[in-house]
Amino acid sequence: MKIVFASNNSHKLMEIRSIIGNGCELLSLGDLNITADIPEEEPTLEGNALAKARFVKKLTALNVFADDTGLEVEALGGLPGVKSARFAGENCDSSANIDLLLSMLAGNSNRKARFRTVFALIYNGTEYIMEGIVDGTITGERKGGKGFGYDPVFIPCGSTKTFAEMELSEKNMVSHRARALEKLYAELNRLNGTCYK
Ligand code: IMP
């Protein structure tokens with residue numbers, strides 16, 4: 001079965017391709033020559049994931065899923081959350097976002113945080129929402145050179161390493177995206193029966 005992942009993020013595509021089952025052929029927006037800017041203006045992860053999936057669904061006859069992910073830090077009332085990509089400003093990179101996060105948490109002993117991924121699937125015209133969460137803590141400084149985004153400052157519960165110190169296969173065993181993907185598989189297998197892992 002062919003399914004479109006409504007994203008241009010090559011890291012996420014790589015992560016999902018490394019997990020996806022044999023029964024699914026994952027197509028990117030690039031594969032479909034879709035170059036339009038996908039809106040991400042909703043106040044929640046669920047709203048954004050659904051808006052992205054609906055936007056791309058208008059451009060293709062194939063089934064579509066989209067994701068939105070946020071880092072939710074307890075001591076910051078859930079920030080950066082839906083603003084994770086542009087926490088430090090509209091055109092800021094991950095490094096600036098991490099700098100801001102660490103400065104806002106400086107001296108704070110509550111380092112609890114979680115990554116939350118929401119997938120919105122549009123399958124044969126029906127919409128489904130799935131969520132994956134990984135709990136963890138924010139370090140005092142960056143560690144590791146792998147991964148992307150906030151990976152260098154996030155240690156998942158039960159580990160001593162940040163996501164950026166892990167091989168992709170290790171991150172995939174516990175990550176928010178992998179957990180949301182498990183639920184996506186379960187839903188696709190229920191609906192279609194061929195997207196097995
Ligand atoms: P997006 O809107 O789903 O692309 O995610 C928003 C932001 O969350 C990204 O720009 C990254 O900074 C961060 N993010 C998403 N997933 C991850 C991850 O697996 N590790 C680290 N940061 C992530």
Side-chain angles (χ1 to χ4, degrees), residues 4-20 28-30 37-56 64-73 76 78-102 104-105 111 113-121 129-139 141-157 159 161-182 184:
V4 180
F5 178 42
S7 173
N8 283 313
N9 183 319
S10 57
H11 285 279
K12 287 189 197 170
L13 270 164
M14 190 175 67
E15 279 193 11
I16 294 177
R17 281 217 169 100
S18 74
I19 307 173
I20 201 133
S28 68
L29 294 179
D37 259 349
I38 303 181
E40 254 187 87
E41 289 152 7
E42 300 299 321
T44 62
L45 298 177
E46 286 78 3
N48 266 339
L50 211 44
K52 287 190 244 183
R54 285 175 182 162
F55 184 89
V56 173
V64 170
F65 71 99
D67 82 322
D68 201 30
T69 296
L71 176 68
E72 299 175 337
V73 178
L76 303 180
L79 286 174
V82 75
K83 296 194 177 81
S84 292
R86 45 192 188 284
F87 191 36
E90 234 7 91
N91 294 312
C92 287
D93 59 10
S94 292
S95 184
N97 289 335
I98 289 177
D99 284 343
L100 178 60
L101 178 69
L102 293 182
M104 287 175 82
L105 284 178
R111 315 295 296 189
R114 65 182 193 175
F115 273 115
R116 194 161 71 89
T117 287
V118 174
F119 279 137
L121 167 69
I129 294 280
M130 284 135 286
E131 173 188 77
I133 291 174
V134 58
D135 289 303
T137 51
I138 302 297
T139 56
E141 57 186 30
R142 292 168 170 81
K143 287 178 194 160
K146 303 185 183 76
F148 70 103
Y150 297 89
D151 279 348
V153 293
F154 183 84
I155 299 181
C157 282
S159 178
K161 291 193 271 188
T162 67
F163 270 161
E165 293 177 294
M166 294 181 181
E167 296 301 328
L168 187 52
S169 55
E170 209 177 340
K171 180 180 174 186
N172 282 345
M173 283 165 70
V174 296
S175 87
H176 44 303
R177 206 162 1 264
R179 287 176 176 167
L181 207 52
E182 286 294 332
L184 181 73

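For the single chain, residues carry numbers from 1 onward in sequence order. Each ligand, and each atom within it, is numbered from 1 in the order the structure gives.
The option from Phe154, Phe163, Tyr150 that lies nearest to atom 22 (N) of ligand 1, judged by heavy atoms, is Tyr150.
The protein heavy atom nearest to atom 17 (C) of ligand 1 is Phe148 CZ, 3.4 Å. Closest to atom 1 (P) of ligand 1 among all protein heavy atoms lies Lys12 NZ, 3.2 Å. Protein heavy atom in closest approach to atom 8 (O) of ligand 1: Ser84 CB, 3.5 Å. For atom 2 (O) of ligand 1, the nearest non-hydrogen atom of the protein is Asp68 OD1, 2.8 Å. For atom 11 (C) of ligand 1, the closest heavy atom belonging to the protein is Gly149 CA, 4.0 Å. Here the protein heavy atom with the shortest distance to atom 20 (N) of ligand 1 is Asp151 OD1, 2.6 Å. Here the heavy atom of the protein found nearest to atom 6 (C) of ligand 1 is Thr69 O, 3.3 Å.
When atom types are taken as modelled, the side chain of Asn48 and the backbone of Leu45 share no donor-acceptor pair closer than 3.5 angstrom. Of the possible donor and acceptor atoms, none in the side chain of Arg86 sits under 3.5 Å from a partner among the backbone N and O of Cys92. Distance alone, capped at 3.5 Å, places no donor-acceptor pair between the Asp135 side chain and the Pro156 backbone. Here the side chain of Lys52 pairs a donor or acceptor atom with the backbone of Asp67 at under 3.5 angstrom.
Atoms of ligand 1 found under 4.0 Å from any heavy atom of Lys171, numbered from 1 in the order shown, are 18 (C), 19 (O), 20 (N). If you number the atoms of ligand 1 from 1 as listed, the ones under 4.0 Å from a heavy atom of Arg177 come out as 16 (N), 17 (C), 18 (C), 19 (O). For ligand 1 and His176, the ligand atoms under 4.0 Å from any heavy atom of the residue are 16 (N), 17 (C), 18 (C), 19 (O). For ligand 1, the atoms closer than 4.0 angstrom to any heavy atom of Glu40 are 2 (O). Heavy-atom proximity to Phe115, at under 4.0 Å, picks out these atoms of ligand 1: 20 (N), 21 (C), 22 (N), 23 (C).
Partner Ser95 forms a side-chain contact (heavy atoms from CB on, under 4.5 Å) with one of Ile98, Asn97, Asp93 and no other, that one being Asp93.
Between Lys171 and Lys146, the closest side-chain pair of non-hydrogen atoms is not below 4.5 Å.
Taking a 4.0 Å cut-off on heavy atoms, Leu71 fails to register as neighbouring ligand 1. Residue contact annotation: His11 has no non-hydrogen atom under 4.0 Å from ligand 1.
Using cut-offs of 30° and 60° for the angle between ring planes, the Phe154 and Phe163 rings count as tilted. Taking the six-membered ring where the residue is Trp, Phe65 and Phe119 present perpendicular rings, their angle passing 60° and hence far from 30°.
The local environment of CE in Met14 is crowded, with over 12 non-hydrogen atoms from other residues, nucleotides or ligands closer than 6.0 Å.
At under 3.5 Å, not a single nitrogen or oxygen of Lys52, backbone or side chain, sits near a nitrogen or oxygen of ligand 1.
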**Request:** Before giving the answer on salt bridge (charged side-chain N to carboxylate O under 4.0 Å, His left out), spell out for Arg116 and Glu46 the whole-Å C-alpha distance, their side-chain angles and the decisive distance to 0.1 Å.
**Result:** CA-CA 10 Å; Arg116 194 161 71 89; Glu46 286 78 3; 2.8 Å; yes
